[in-house]
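Heads up: the structure comes next, in structure tokens.
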Amino acid sequence: MPKFDEKPRVFLEEFRVKNAPEDYGLDDETWDFKKFVKKFKIVVVRMDNFEMEFDLIGIQPAFANAFRRLMLSEVPSMAIEKVMIKNNTSIIQDEVLAHRLGLIPLKADPRLFEYKSEDTEGTEFNTLEFSLKVKCTNSKSQPKDSYRAEDLYENHSIYSSHMKWHPIGNQATVYKEADVGPVHKDILISKMRPGHEIDLQMIAVKGIGKDHAKFSPVATATYRLLPEVTLTREVCDSEATLLQSCFSPGVIGIDSKNRAYVKDARYDACSRNVYRYDTIKDSAILSRVRDHFIFNVESVGAIPPQIIFVEAVKILRDKCRSFLDELNKFS
């Protein structure tokens, strides 16, 4: 049996999941701030404008899940809330069309806008206005023997690029249309044929995913525990190839002497396929580190993923302060 360090682990056996013998669970540990500061780390693995993968190390599951839920449901964004339809002769019903428009992500930075209440008039500080007016017609220059919609019709596909921004008040001097319009210009809204027409006005406001999913700034925000794979003996030749096939690609490598080794266990799916084969089931120990969380945050494009996480931390901080203030009222 190989020796492990003091990290809290969950072992994945053939028919059960168990903690390490000396590990009684994170919930039983007393909170020690100095110990937490010493162990806690954030490691950014990869990041771009839309996606970020990072590790939260030395933290309890309750905090990790709190960050995930806050990113999904309480970090605000801008989205189309009201649609005033003047004319819609397309095949899409009014309510379905309004729903599709609401799900188009907008580039507008929600930190620059205020929340708008239901009973107040929209202003330049809390509202964005857009319009969509498109009519499908027959193309004047139709090539012979062509049945492609692109050749036969004009405006046969309505995209988010057809949306026009109408500044309110002083917005034109503060923002550019490229800064507040749709994140992507090629989002398909509707397909039309000659005689079909769409003419409508849209109002975008600030909101949170807890009220409606269209306000969620992330396409997904997930986490998982760090996998670990430990080989207990030497595995060679055909057994090494079989062992490699039991794990996700890139987890098990085979060296020049046809011996298996753990190449990178980070992206293992922990399927436990190794226990299906009697010849190699004793060659590996599968575990997960219980205080090491691998986060994946995919932004819809309005806010960079690293900013979304920072905003979630700020929201949790403010919630804690409000809670302490309420407790102090009774002390």
Side-chain angles (χ1 to χ4, degrees), residues 1-29 32 35-48 51-65 67-68 220-298:
M1 183 76 175
K3 292 184 178 180
F4 294 93
D5 54 31
E6 296 181 355
K7 295 178 181 176
R9 284 180 174 83
V10 174
F11 290 96
L12 283 69
E13 297 185 345
E14 186 173 3
F15 299 110
R16 65 172 181 169
V17 176
K18 71 171 187 178
N19 291 344
E22 69 281 356
D23 183 7
Y24 297 98
L26 296 174
D27 291 337
D28 294 329
E29 294 181 2
D32 188 333
K35 182 179 178 182
F36 169 77
V37 171
K38 185 177 180 180
K39 293 178 60 178
F40 179 65
K41 288 192 297 183
I42 299 179
V43 180
V44 177
V45 178
R46 56 186 175 89
M47 181 175 64
D48 55 36
E51 192 172 357
M52 178 174 66
E53 180 181 331
F54 64 97
D55 293 2
L56 284 182
I57 305 170
I59 197 170
Q60 291 190 334
F63 289 103
N65 195 46
F67 293 139
R68 181 191 67 85
T220 181
T222 61
Y223 65 80
R224 59 193 178 93
L225 296 178
L226 175 71
E228 284 190 341
V229 179
T230 306
L231 299 183
T232 60
R233 62 177 175 85
E234 190 174 274
V235 183
C236 304
D237 303 324
S238 60
E239 286 190 352
T241 304
L242 181 61
L243 180 68
Q244 186 181 50
S245 68
C246 293
F247 295 89
S248 303
V251 173
I252 301 296
I254 299 177
D255 62 19
S256 58
K257 296 182 180 180
N258 284 332
R259 295 178 301 186
Y261 67 94
V262 179
K263 187 177 180 181
D264 186 2
R266 179 182 180 85
Y267 298 107
D268 182 43
C270 295
S271 63
R272 291 189 278 188
N273 283 336
V274 67
Y275 295 121
R276 297 171 59 190
Y277 306 100
D278 292 334
T279 56
I280 59 171
K281 65 191 305 182
D282 64 335
S283 64
I285 297 176
L286 311 183
S287 62
R288 287 195 173 191
V289 182
R290 293 199 297 108
D291 65 348
H292 190 139
F293 297 89
I294 301 174
F295 261 88
N296 282 276
V297 179
E298 182 181 338

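Note that the CG atom of Leu231 and the CZ atom of Arg259 stand 11.5 Å from one another [nearest 0.5 Å]. Atoms CG and NE2, from Leu225 and His292 in turn, are 9.5 Å apart once rounded to the nearest 0.5 Å. The line from SG of Cys236 to CG of Asn258 is 8.0 Å long, rounded to the nearest 0.5 Å. The line from CZ of Phe293 to CZ of Phe67 is 11.0 Å long, rounded to the nearest 0.5 Å. In this structure, CG in Leu226 is found 9.5 Å from CG in Asp291, a value given to the nearest 0.5 Å. One distance of note links OH of Tyr277 with CG of Leu243; it measures 11.0 Å at 0.5 Å rounding.
Residues Lys257 and Glu234 are not paired through a salt bridge, judged by the lack of any N-O separation under 4.0 Å between the basic side chain and the carboxylate.
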*For Val262 and Thr230, run side-chain contact (heavy atoms from CB on, under 4.5 Å): C-alpha distance rounded to whole Å, both residues' side-chain angles, the deciding distance at 0.1 Å, then the answer.*
CA-CA 7 Å; Val262 179; Thr230 306; over 6 Å; no

*In sequence, state the C-alpha distance, the side-chain angles, and the governing distance for Leu286 and Val229, and then conclude on side-chain contact (heavy atoms from CB on, under 4.5 Å).*
CA-CA 5 Å; Leu286 311 183; Val229 179; 4.1 Å; yes

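Of the possible polar contacts, one joining the Gln244 side chain to the Ile252 backbone as a donor-acceptor pair under 3.5 Å is found. With Asp264 contributing its side chain and Arg266 its backbone, the two residues share a donor-acceptor pair below 3.5 Å. Within the 3.5 Å criterion, the main-chain N or O of Cys270 finds a donor-acceptor partner in the side chain of Asp268.
Residues Arg224 and Tyr267 approach most closely at NH2-CD2, 3.4 Å, considering heavy atoms. Closest approach of Ser287 to Phe11, counting heavy atoms only: CB-CD2, 3.7 Å. Closest of all the heavy-atom pairs between Asp48 and Glu51 is OD1-N, 2.6 Å. Nearest approach of Cys246 to Ile280, heavy atoms of both residues: SG-CD1, 4.0 Å. In terms of heavy atoms, Ser283 sits closest to Val235 at CB-CG2, 3.6 Å. The shortest heavy-atom contact between Arg288 and Ala269 is NH2-O, 3.9 Å.
Taking 4.5 Å as the limit, every side-chain heavy atom of Phe15 sits out of range of all side-chain heavy atoms of Arg272. In this structure the side chain of Val297 reaches within 4.5 angstrom of the side chain of Phe54, judged on heavy atoms. Two residues are said to be in side-chain contact when any heavy atoms from C-beta on lie closer than 4.5 Å; Pro227 and Ile294 meet this criterion. The side-chain heavy atoms of Ile42 and Ile57, taken from C-beta on, include no pair separated by under 4.5 Å. The side-chain heavy atoms of Thr220 and Asn296, taken from C-beta on, include no pair separated by under 4.5 Å. Side chains of Phe295 and Met52 form no contact here, defined as non-hydrogen atoms less than 4.5 Å apart.
Remark: Phe63 CZ is loosely packed, at most 12 non-hydrogen atoms of other residues, nucleotides or ligands lying under 6.0 Å away. Shown here is Lys41, whose NZ atom has no more than 12 heavy atoms of other residues, nucleotides or ligands within 6.0 Å.
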